Every structure is written in C-alpha cells, then in structure tokens.
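Notes for the one structure printed next.
Bear in mind the structure is a predicted one, so any value in this text is a computation, not a measurement. Whatever order the structure lists ligands and atoms in, that order sets their numbers, starting from 1.
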Amino acid sequence: MANLSDESLNILFGEARTFSVWTREPVSDKTLRDIYEQAKWGPTSSNSGPARFVFLRSQKSKERLRPALAAGNVEKTMTAPVTVIIAYDLKFYETLPKLFPHNPAARDAFSRNPQLVEATAKRNSSLQGAYLMLAARALGLDCGPMSGFDNAKVDEAFFGAGKCEDCEQEFFPEGHVKSNFLCNLGYGDRSKLFHRSPRLEFNEACTLL
Ligand SMILES: Cc1cc2nc3c(=O)[nH]c(=O)nc-3n(C[C@H](O)[C@H](O)[C@H](O)COP(=O)(O)O)c2cc1C
C-alpha cells in the first residue's frame, strides 16, 4: 500500500487547524455531496452508520440554529459558508437489513437494547463526524468543530415535529434523531489563526504493551 505524501498528511493533520474566521469563498452543494461520498466509507460498528448530517447553507437555516449557540460560537457560525449538525438516529437499527444483510439478527439485537443503541449511536456518530472532517480537509476545506451549544434546543429546532420548509428531504421529524456536535465548514482565513496549542507527546498519551 502506498503511503500518503508528507504534503497530504499535513493537509489532514500537521497543518490542519480549527478555523473561526472564513474567507468569502462559497462551498457548493456538489462539494458537500463529495465530502459525504468519502466520509461514508469510514468504519462503524455493525456497519450501522448511525450519523445523520444536516448541512445548513442558508441564512434562514442558520437563524434557526442561532438561539442554541454559546455566545462565543455565534459569530464564527453565522459567517461560515456551511454549518453541519452531526446527529445520530436512535432508530439506526431499522437500516441494518440493508447495511448488515449477512446478519439478520442484528436489527432485533439492537431494538431490544436501548442502552446499546444509545452507546452505539453516540460512539459511531462521533467517529463519522471525524471522518467527515477528514474528508472535508482532504477535499481542500477547513473545519471548525463545536460542542458549545444547547443540544436540546437544536433537537427541538431541527428534529422536532413539524414540516421543515427548506429541507431537501424530511427524514428527521419524528424525535428519534439527536444532535451530537456541530462543525463549521468553509475556506478558513489563515491570517486570523492564533498560535497552535501543543499536543501530548507519544509517551504521555500512549503506551506500548
Ligand atoms: C468536539 C469538539 C468540540 C469543540 N467545541 C468548540 C467550541 O464550542 N467552540 C470553539 O471555539 N472551539 C471548539 N472546538 C475547537 C477546539 O478547541 C480545537 O479543535 C482545538 O483547540 C485544536 O485546535 P487546532 O485544530 O487549531 O490545533 C471543539 C473541537 C471539537 C473537536
């Protein structure tokens, strides 16, 4: 297997930063679809793919989000070309006959065990959010992940009952989709970055047994 070049690794990790200030360059719907087409291949347990992604592109949809945001996250979110709600579907097991067809018992094993459903949905949607960020970086975009918001307010505004006028598809109105975290997407303004914080060294974070 070929390794990625140092340049590619820097795009994904070494020089990839968390952005709060964005250039005016827009992000097309095709780019958002291309990001998903890469991110969807990341592994999840039982191939369950519990994450659901809501891409907020319009000012109108951003305004629905605004009241849920922590004060420090308002400006960066309202000025980002796109904000993604990374959510999870607590009824993800309904898709297992399609996604995990070689184990017909999987659906019922989850449907009988709400604790397993919640742990699986949270763990794997977090992973899928990370795959989405790496896919976005691989396709030249920058990310600004955020957990500083009120999940209950986001769930009420986006996953509550009622018809969403500006949604492409109506797959989350029945109360079983919950927000995990948010991520701004766009082309970041590198001139506005502050000094990068260090990371733990290998010996601080890892051990070899
Ligand atoms: C799940 C998650 C939640 C975060 N929440 C916030 C947030 O609410 N507000 C914020 O300004 N930054 C937030 N951050 C950004 C982190 O502080 C940032 O990614 C970290 O300091 C590393 O910065 P760097 O990528 O520039 O090295 C969050 C990051 C992640 C991954």
Side-chain angles (χ1 to χ4, degrees), residues 4 6-23 25 27 32 35-36 38-40 42-45 49-56 61-90 118-159 177-202 204-206:
L4 293 181
D6 286 350
E7 190 187 1
S8 298
L9 287 171
N10 277 334
I11 289 169
L12 294 177
F13 297 107
E15 289 173 10
R17 295 293 310 276
T18 295
F19 281 84
S20 298
V21 184
W22 308 95
T23 68
E25 192 174 342
V27 177
L32 298 177
I35 290 170
Y36 180 75
Q38 296 302 323
K40 74 180 185 183
T44 55
S45 62
R52 302 292 179 262
F53 303 99
V54 184
F55 293 99
L56 308 181
S61 62
K62 296 278 201 72
E63 289 301 332
R64 282 167 76 185
L65 183 65
R66 185 197 284 268
L69 294 169
N73 286 334
V74 173
E75 175 73 11
K76 61 186 77 163
T77 302
M78 299 312 286
T79 53
V82 178
T83 304
V84 195
I85 305 171
I86 294 103
Y88 52 90
D89 188 348
L90 289 170
E118 177 142 12
T120 303
K122 283 188 176 163
R123 178 181 303 118
N124 289 282
S125 65
S126 298
L127 286 170
Q128 289 181 275
Y131 304 145
L132 189 87
M133 290 196 279
L134 290 173
R137 286 173 169 181
L139 294 177
L141 280 88
D142 295 303
C143 303
M146 295 172 292
S147 51
F149 69 99
D150 184 327
N151 289 74
K153 283 188 183 167
V154 169
D155 296 351
E156 168 69 24
F158 291 93
F159 308 128
V177 174
K178 305 285 177 197
S179 55
N180 185 337
F181 71 102
L182 307 174
C183 185
N184 290 325
L185 291 177
Y187 299 91
D189 183 346
R190 291 200 87 87
S191 72
K192 300 291 194 307
L193 286 172
F194 59 91
H195 199 72
R196 195 171 207 186
S197 299
R199 303 300 202 256
L200 295 179
E201 298 303 328
F202 183 90
E204 296 175 289
C206 315

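There is a protein heavy atom closer than 4.0 angstrom to atom 26 (O) of ligand 1. Protein heavy atoms are absent from the space less than 4.0 angstrom from atom 21 (O) of ligand 1. Atom 16 (C) of ligand 1 is never approached by the protein to below 4.0 angstrom, counting heavy atoms only.
Here's the thing with Gly148: one of its N/O atoms is less than 3.5 angstrom from an N/O atom of ligand 1.
Ranking the protein heavy atoms by distance from atom 5 (N) of ligand 1 puts Ser147 N, 2.9 Å first. Looking only at protein heavy atoms, the nearest one to atom 13 (C) of ligand 1 is Pro145 O, 3.2 Å. Of the protein's non-hydrogen atoms, Phe181 CD1, 4.4 Å is the one closest to atom 1 (C) of ligand 1. At the shortest separation from atom 11 (O) of ligand 1 among protein heavy atoms lies Lys76 NZ, 2.6 Å.
Interface of Arg199 with ligand 1, defined as ligand atoms under 4.0 Å from a residue heavy atom, comprises 22 (C), 24 (P), 25 (O), 27 (O). Taking every heavy atom of Thr18 and a limit of under 4.0 angstrom, the matching atoms of ligand 1 come to 15 (C), 18 (C), 19 (O), 22 (C), 23 (O), 24 (P), 25 (O), 26 (O). Proximity to Asn73 (heavy-atom distance under 4.0 Å) selects the following atoms of ligand 1: 7 (C), 8 (O), 9 (N), 10 (C), 11 (O). Near Arg196, with a cut-off below 4.0 Å to any heavy atom, the atoms of ligand 1 are 24 (P), 25 (O), 27 (O). Which parts of ligand 1 touch Arg17 is read off a 4.0 Å heavy-atom cut-off, strictly below it: atoms 24 (P), 25 (O), 26 (O), 27 (O).
Residue-level proximity to ligand 1 for His195 is absent, since no heavy atom of it falls below 4.0 angstrom.
Here the shortest heavy-atom pairing between Ala16 and Arg196 reads O-NH2, 2.6 Å.
Remark: side-chain polar atoms of Arg66 are not paired, donor with acceptor, to backbone N or O of Thr77 under 3.5 angstrom. A donor-acceptor pair is defined here as one N or O able to donate and one able to accept, closer than 3.5 Å; no such pair exists between the side chain of Lys178 and the backbone of Asn151. A donor-acceptor distance shorter than 3.5 angstrom exists from the side chain of Gln128 to the backbone of Ala51, with no hydrogens or angles considered. Within the 3.5 Å criterion, the main-chain N or O of Ser197 finds a donor-acceptor partner in the side chain of Arg199.
Between Glu156 and Lys153 there is no salt bridge, since no side-chain N of the basic residue sits under 4.0 Å from a carboxylate O of the acidic one.
Arg123 places none of its side-chain heavy atoms less than 4.5 Å from the side chain of Ser45. Using a 4.5 Å heavy-atom threshold, the side chains of Tyr88 and Asn124 count as separate.
For Glu75, the CD atom counts as loosely surrounded, since its 6.0 Å shell holds 12 or fewer non-hydrogen atoms of other residues, nucleotides or ligands.
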